[in-house]
Chemist: 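Pasting a structure here, questions to come.
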Amino acid sequence: MGGDERSLDRKPTLTTPPPQGDVKVAQATSKPVAHDWRPDRFMVIAAHPDDADFGPAATAARWIDAGSVGWLVCCTSGDQGGEDPDADPLELAATREREQRAAASVIGYEGVTFLHHPDGALANDLALRELLVREIRTFRPDAVLATDPEAIFHRGGGVNHTDHRAAGMAAVDAVYPAARNPMAFVSLARDGLAAHAVRRLYLFWSERADAWVDVTGTLQRKLDALAEHRSQIKDLDGLAERIRAWAAEEGETIGAGAAESLRLIVIDEDEDESKG
């Protein structure tokens with residue numbers, strides 16, 4: 001299970017809420033403009049292989065092209081992501097890990113970590129949060145991107161997968177307060193993984209988007225990355241057409257050819273507000 005093409009048959013209705021947080025506003029029209037803050041280091045935390053590519057892949061590619069360093073964490077290996085009940089879940093998991101590594105190479109991530117929690121049974125528990133805190137303290141990102149755990153029912157129809165919600169909430173809880181608290185999972189600090197403060201959260205697949213990234217130049221990379229998930233995508237041309245249409249619709253919000261929308265939570269303000 002994951003963000004495969006079946007989960008995109010129904011897309012949430014696009015909305016344009018009042019700009020919040022870090023979104024710049026054109027004074028004359030009060031219309032959002034492209035979000036241009038960029039982290040030096042960022043981590044994407046997803047439930048399944050392919051979630052990140054259905055999610056903020058074009059944003060990740062744009063940031064990496066501009067000099068950011070990215071890392072991808074998959075909480076599961078997608079061992080339930082198939083239609084054949086007689087299939088070997090371990091073989092499917094190995095296939096999906098290979099596909100995700102290939103897709104991550106297309107986007108340009110520095111690396112991928114698989115946490116090997118069970119697909120379809122992901123839980124925001126201490127075991128998962130400790131693993132995520134370990135990843136955060138090891139890579140030390142400025143920003144973390146994760147699924148919005150508050151998105152349960154999409155306005156355009158459909159239900160957000162339980163693993164997506166669990167992964168998103170676990171990522172939020174790992175970022176704040178656990179990763180920055182030296183007394184949380186104290187054995188990590190004693191092993192040399194000092195506390196680390198992530199400054200921003202970006203939540204994707206959100207019904208409350210307030211930041212739009214212009215991905216006109218990297219949308220094709222997202223499609224190329226998705227093409228690596230051959231076990232999940234049966235109609236790549238049809239999927240590409242839908243994604244281009246949705247990206248164009250998002251792009252209209254900021255006057256761009258294509259965009260990805262995110263919900264931004266600023267935890268620590270920049271010292272230099274001119275950075276974006």
Side-chain angles (χ1 to χ4, degrees), residues 1-10 43-57 60 70-135 138-139 145-147 149 151-152 154 158-171 174 204-205 221-240 242-243:
M1 292 183 182
D4 66 20
E5 61 181 324
R6 292 165 295 170
S7 70
L8 287 186
D9 286 340
R10 298 176 178 175
M43 175 177 286
V44 179
I45 296 174
H48 313 103
D50 80 15
D51 285 353
D53 300 311
F54 277 100
W71 194 275
L72 173 60
V73 177
C74 294
C75 297
T76 81
S77 296
D79 54 272
Q80 286 192 9
E83 301 290 342
D84 181 4
D86 295 322
D88 184 341
L90 294 180
E91 290 183 5
L92 179 57
T95 295
R96 298 199 66 186
E97 287 190 8
R98 287 194 299 271
E99 291 173 344
Q100 183 59 85
R101 289 192 180 95
S105 179
V106 171
I107 297 302
Y109 292 104
E110 187 172 84
V112 185
T113 302
F114 297 96
L115 301 183
H116 301 125
H117 277 237
D119 187 3
L122 196 63
N124 175 23
D125 56 16
L126 286 174
L128 178 58
R129 290 205 300 275
E130 181 173 4
L131 289 174
L132 291 176
V133 168
R134 177 183 289 276
E135 293 297 316
T138 298
F139 187 69
L145 294 84
T147 47
I152 302 176
H154 294 306
V159 179
N160 193 16
H161 194 299
T162 178
D163 284 355
H164 297 163
R165 288 179 272 138
M169 199 71 250
F204 58 96
W205 297 340
R221 286 255 290 289
K222 177 190 183 91
L223 298 175
D224 292 343
L226 283 167
E228 297 293 342
H229 296 281
R230 296 177 180 85
S231 70
Q232 303 300 298
I233 298 172
K234 309 307 179 187
D235 179 13
L236 182 60
D237 291 340
L239 175 65
R242 296 197 299 276
I243 286 179

Chemist: Compare every heavy atom of Thr76 with every heavy atom of Pro118, then report the nearest pair and how far apart it is.
Modeler: O-CG2, 3.8 Å

Chemist: Using atom types as modelled, flag every donor-acceptor pair under 3.5 Å from a side chain in residues 101-110 to any protein atom, sequence neighbours excluded.
Modeler:
none

Chemist: Please report the shortest heavy-atom distance between Ala123 and Leu128, naming the atom on each side.
Modeler: O-CD2, 3.4 Å

Chemist: Is there a side-chain contact between Thr138 and Trp71, using heavy atoms and a 4.5 Å cut-off?
Modeler: no

Chemist: Please report the interatomic distance CG(Leu239) to CG(Leu223), rounded to the nearest 0.5 Å.
Modeler: 7.5 Å

Chemist: Measure the CD-CD distance between Gln232 and Glu83 for me, rounded to the nearest 0.5 Å.
Modeler: 9.0 Å

Chemist: Which residues satisfy the side-chain contact (heavy atoms from CB on, under 4.5 Å) test with Ala227, sequence neighbours excluded?
Modeler: Leu236

Chemist: Shortest non-hydrogen contact from Gly168 to Ala146?
Modeler: CA-CB, 4.3 Å

Chemist: CZ/Phe54 to CD1/Ile243 distance, rounded to the nearest 0.5 angstrom?
Modeler: 6.0 Å

Chemist: Might you point out which heavy atoms bring Val44 and Phe204 nearest each other, and give the distance in Å?
Modeler: CG1-CE2, 4.4 Å

Chemist: Got Met43 and Ile45 here, is their nearest side-chain heavy-atom distance under 4.5 Å?
Modeler: yes

Chemist: Kindly write out the residues that satisfy side-chain contact (heavy atoms from CB on, under 4.5 Å) with Ala166, not counting sequence neighbours, or none if the list is empty.
Modeler: Leu122

Chemist: Contact between Asp50 and Arg96 at the side-chain level, heavy atoms closer than 4.5 Å - yes or no?
Modeler: yes

Chemist: Please identify each residue that fulfils side-chain contact (heavy atoms from CB on, under 4.5 Å) with Ile152, with sequence neighbours left out.
Modeler: Arg165

Chemist: Could you work out, with side-chain contact (heavy atoms from CB on, under 4.5 Å) as the rule, every residue matching Glu91, not counting sequence neighbours?
Modeler: Asp88

Chemist: Is any side-chain heavy atom of Pro89 closer than 4.5 Å to one of Gln80?
Modeler: no

Chemist: Heavy-atom distance under 4.5 Å between the side chains of Asp79 and Leu90, does that happen here?
Modeler: no

Chemist: With a 4.0 Å cut-off, would you call Asp53 and Lys222 a salt bridge?
Modeler: no

Chemist: First locate atom CG of Asp163, then atom SG of Cys75, and finally report the distance between them rounded to the nearest 0.5 Å.
Modeler: 8.5 Å

Chemist: Below 4.5 Å, heavy atoms only, C-beta onward: do His116 and Glu97 meet side chain to side chain?
Modeler: yes

Chemist: With heavy-atom distances below 4.5 Å as the criterion, would you say the side chains of His164 and His48 are in contact?
Modeler: yes

Chemist: So how far is it from Glu99 CD to Leu226 CG, rounded to the nearest 0.5 Å?
Modeler: 11.0 Å

Chemist: Among all residues two or more places apart in sequence or in another chain, which pass the side-chain hydrogen bond (donor to acceptor under 3.5 Å, both in side chains) test with Asn124?
Modeler: Arg129, Asp173

Chemist: Got a second to check how far Phe114's CZ is from Cys74's SG, nearest 0.5 Å?
Modeler: 5.0 Å

Chemist: Answer yes or no: is there a side-chain heavy-atom contact under 4.5 Å between Glu228 and Gln100?
Modeler: no

Chemist: Would you name the heavy atoms of Gly81 and Asp119 that are closest together and state the gap between them?
Modeler: N-OD2, 3.6 Å

